[in-house]
Amino acid sequence: MLWKTGLIFLCWGLTSGELQDSQSGTPATPARRTLDFGYVPSGVYDTVAYYEPGAIGVLFNMMHAFLYVVQPNPFPEGELGLMFLNFRPENIVLTLQVIYYEIGFVVCTALGLLFTVLLPLVGLLFCFCRCCDNCGGEMHQRQRKNTDCLRGLLTTLLLTTTFIITAGVLCAYAANQNLSSQLKSMRRLVKSNLKDLHTFANQTPAQIDYLISQYGTVEHHVLYDLDNVGLLLGGRIHEELGKDVQPALNAALSMTGTMRDTKDALENVSLTLETLQEGTVKLQANLSLVRGSLSNALNDPVCTDPRSSEICRNIRSTLPRLEIAANYSSLPDVTNQLDKVNEVLETDLGQIVEKGYTSFNDTPTLVTDQTRNIVEGVKVLLDDIGSNISTFTKLFPVHSSLTNFTKMISHTHSQIEDIYPQVDQMDFYRWICCITLCCMVVLILTFNFLGLLCGILGFDRHATPTTRGCVSNTGGNLLMAGVGFSFLFSWVLMGVITALFLVGGNLEKLVCEPFQTRQLFKVLDTPNLVNSAWRNFIPGYLYNDPEMDLTAYSLYSNCKDNRGIYSALHLDKIFNISAFLNTSVYSKYVSRKFEGMKVDLRGIILLESEGKQNLISFTKTGINEIDFAAYLEEVNKGVTRINLVDFASQLDAQADQLFKGTLQTSLKGHANTIRQIHIQQVIPLEQSMKYVKARSILNQSIRLLERTSSDLPVRVIDLLAAVDAAQFLISHNATFVVNQETEKYKQTIIGYFKQYIDWIRTSLALEVATCKPLSNIVDTAEILGCSFLLDSMNTFWFGLGCSTLFLLPSIILSVKLAKFYRRMDTEDVYDE
């Protein structure tokens with residue numbers, strides 16, 4: 001009863017450590033970070049509940065093989081198995097089943113009893129028979145031709161039988177000595193088991209303290225997340241809202257670049273247009289002078305000549321083409337658009353957008369400021385949880401219970417130590433008894449060996465039966481003495497052997513073998529075995545709850561796997577953690593704290609009204625009114641309409657067709673002048689970097705302005721709509737995002753508690769107060785009872801029984817062989 005009370009208080013104390021920590025969390029979504037609680041300090045158990053018999057194991061195997069022959073039936077189950085545990089002969093059917101199951105033992109026991117009863121009677125009748133000179137008692141031996149052959153055969157058979165009996169005695173003696181020698185191993189096993197129980201009791205408080213101390217890990221992570229609520233919660237809110245806000249602000253910022261590019265393009269158009277106009281105005285003037293001079297020269301009378309008039313007409317018809325191709329002076333300037341763009345740029349839209357970025361990026365700071373009171377409240381709750389854990393630990397006397405349990409172990413150890421002398425004394429008496437039984441057989445063996453030795457050495461082939469020597473006669477007498485002692489001892493030996501066989505054999509087949517195959521647990525776990533009202537006797541005895549699913553096999557298996565006593569004894573059913581401190585209590589407290597969290601983001605202004613007006617003004621700068629087609633047309637034209645060099649060459653050729661005179665000379669002079677214009681003005685306009693670059697810049701700028709103006713109103717409208725939508729989301733619909741991210745943040749906090757509770761449960765189930773010592777005690781009991789005691793005792797009767805059985809042929813052979821060694825009173829006489 002004392003051990004039961006100590007065990008319950010120990011389990012109660014173990015449970016208290018889990019009950020404290022179960023307040024810290026509730027099942028939630030996986031935590032953002034996995035906590036590392038380290039390793040629970042574990043004790044090292046010394047007991048190795050394993051036995052290897054060594055060389056004598058061969059004899060054990062032979063004995064087991066014999067028992068299998070005697071009893072090959074499998075272990076009984078169901079009602080038949082219960083019958084062995086609670087035998088009632090009233091049930092005739094089950095009794096017959098038990099007899100049928102035990103038929104091997106019944107037959108062997110019957111033969112043993114028959115041997116025990118009949119052998120003394122046979123021995124008594126044998127003595128009477130010999131006294132009447134019968135049964136070999138007549139001191140007369142008839143001479144036969146095969147006498148020598150018969151004597152040799154009997155000698156060989158008796159010697160063989162004697163050796164078999166000797167082997168059986170040696171087997172019994174080895175088993176007897178093995179049992180005595182195992183007492184030291186028994187003490188070692190008992191001592192190591194009790195030491196393991198001390199380790200179990202001493203290590204458990206440190207393990208519980210470690211479980212409780214790891215609440216600091218949870219507290220550290222929770223405090224870190226609370227101190228960084230702006231970064232964690234505010235950052236998540238910022239990230240979620242940023243999916244809509246960032247594109248709008250990025251588009252606004254991109255529009256500032258568009259404004260600057262537009263301004264640069266307008267400036268480039270204005271400057272390059274001025275440069276190109278400057279280059280083409282002078283060329284246009286010179287070409288106009290040459291064209292006018294040629295026109296005047298063609299008024300010469302020579303042109304009235306029929307032969308020259310056609311040439312003059314051809315020259316006059318080409319004069320309109322003698323002008324510039326790209327007339328930049330006809331293009332409208334962009335000064336008005338440039339002035340309006342400059343007016344728009346006077347408002348720094350980039351700075352306004354930057355303010356929007358800054359305002360939105362301050363979301364973590366806003367969250368930190370607006371949740372300060374809630375964070376402080378959760379910190380206070382965190383301190384309260386820690387205080388509750390410390391307070392709750394003191395409510396259960398874990399250390400005192402374990403101290404009492406340790407005292408109980410020490411007291412038990414001292415009691416065991418006290419009975420060791422009695423065990424030694426009992427083992428000594430047992431050893432004496434077993435040696436006495438062996439000596440009975442050894443005495444018979446001594447007579448047999450001495451008789452054979454004297455008979456063989458003292459036998460004289462030439463001596464007649466009446467003249468045999470003293471040594472030979474002594475050998476025959478020794479053999480008959482062995483026969484007499486065989487009759488005296490064999491029935492005693494067989495009675496002892498039968499009793500040991502009946503008890504030891506059944507224990508081996510009904511206890512030891514079923515334990516090794518775990519079938520014994522099925523019988524022990526049979527419902528209503530101990531109490532008709534109990535389904536399972538262990539929880540019924542310990543907790544008065546026989547319906548609990550706690551069986552002997554499950555308890556043994558869990559302890560064999562070195563699981564914690566909390567899970568092995570199903571203490572969660574008795575000390576229900578949820579019933580004492582439901583983990584959801586703390587999650588409710590944390591949830592209530594976060595329910596009051598309000599994050600107001602209406603102070604965030606993404607784009608001020610000045611910036612919006614600036615964008616609208618940008619659409620009204622008039623860049624869409626520029627005649628881009630005219631610009632591109634002029635840019636793509638050449639410098640002159642015709643090639644001046646070709647024109648001059650044609651003019652020379654036509655002049656050569658005229659009569660020599662003033663007109664011819666004038667035309668050739670104009671041709672040279674046109675060549676000079678081409679060299680001095682056209683070529684520089686075509687090849688000078690200044691003009692080439694100006695045309696390229698003008699082309700690029702016009703195209704840029706054309707692209708910009710094509711969708712500018714739509715872009716601005718879409719931009720303003722996106723900004724307004726993002727602003728509306730922040731000002732009116734951010735509550736959903738805030739609540740969503742707050743819930744995630746809250747579940748992260750609760751997840752730390754859940755990890756702690758899960759770790760507590762896993763540790764209690766697998767690492768804290770591992771009950772390997774309990775299964776070791778059961779295994780040690782099996783080793784002591786089966787491997788040490790039963791195997792040795794069964795091997796003892798097996799060897800001794802083998803010797804006793806062979807005493808029967810030894811008696812017969814010794815009686816017959818003694819006739820050949822003893823000196824006869826009379827003999828057969830043959831006349832020659």
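One-based numbering along the sequence shown. Owing to the predicted nature of the structure, the values given are computational and were not obtained by experimental measurement.
Between Arg187 and Asp424 there is a salt bridge, with a side-chain nitrogen of the basic residue lying less than 4.0 Å from a carboxylate oxygen of the acidic one.
Heavy-atom minimum distance, Ser775 versus Cys559: OG-O, 3.3 Å. Nearest heavy atom pair, residue Phe115 against residue Pro120, reads O-CD, 4.2 Å. The two residues Cys438 and Ala172 come nearest to each other via the heavy atoms SG-CB, 4.1 Å.
For Phe105 and Phe501, the gap between ring centers is short of 6.0 Å. A ring-centre distance under 6.0 Å is found for Phe515 and Phe521.
In the displayed structure, Trp759 atom CH2 is contacted under 6.0 Å by more than 12 heavy atoms of other residues, nucleotides or ligands. No more than 12 heavy atoms of other residues, nucleotides or ligands shown are found within 6.0 angstrom of CZ on Phe806. Heavy-atom contacts from other residues, nucleotides or ligands closer than 6.0 Å to OH of Tyr553 number 12 or fewer. By the neighbour-count criterion of 12 heavy atoms within 6.0 Å, atom NZ of Lys195 is sparsely surrounded, having that number or fewer from other residues, nucleotides or ligands.
Ring pair Phe200/Phe405 is perpendicular by interplanar angle, where above 60° counts as perpendicular and below 30° as parallel. Under the 30°/60° scheme for interplanar angles, the aromatic rings of Phe60 and His64 are found to be tilted.
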(request) Just do the side chain to side chain contact (heavy atoms under 4.5 Å, CB included) check on Met494 and Leu805 with the steps written out, would you? (result) CA-CA 8 Å; Met494 184 56 69; Leu805 286 177; 3.9 Å; yes
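Partner Trp797 forms a side chain to side chain contact (heavy atoms under 4.5 Å, CB included) with one of Leu500, Leu502, Val496 and no other, that one being Leu500. Between Tyr45 and the options Thr199, Asn776, Asp196, Thr770, a side-chain hydrogen bond (donor to acceptor under 3.5 Å, both in side chains) holds for only Thr770. A side chain to side chain contact (heavy atoms under 4.5 Å, CB included) with Leu437 is found for one member of Thr804, Val169, Leu800, Ile497 and no other, namely Leu800.
Remark: side-chain polar atoms of Thr47 are paired, donor with acceptor, to backbone N or O of Asn193 under 3.5 angstrom.
When the SG-SG distance for Cys802 and Cys171 is compared with the 2.5 Å cut-off, it comes out at or above that value.
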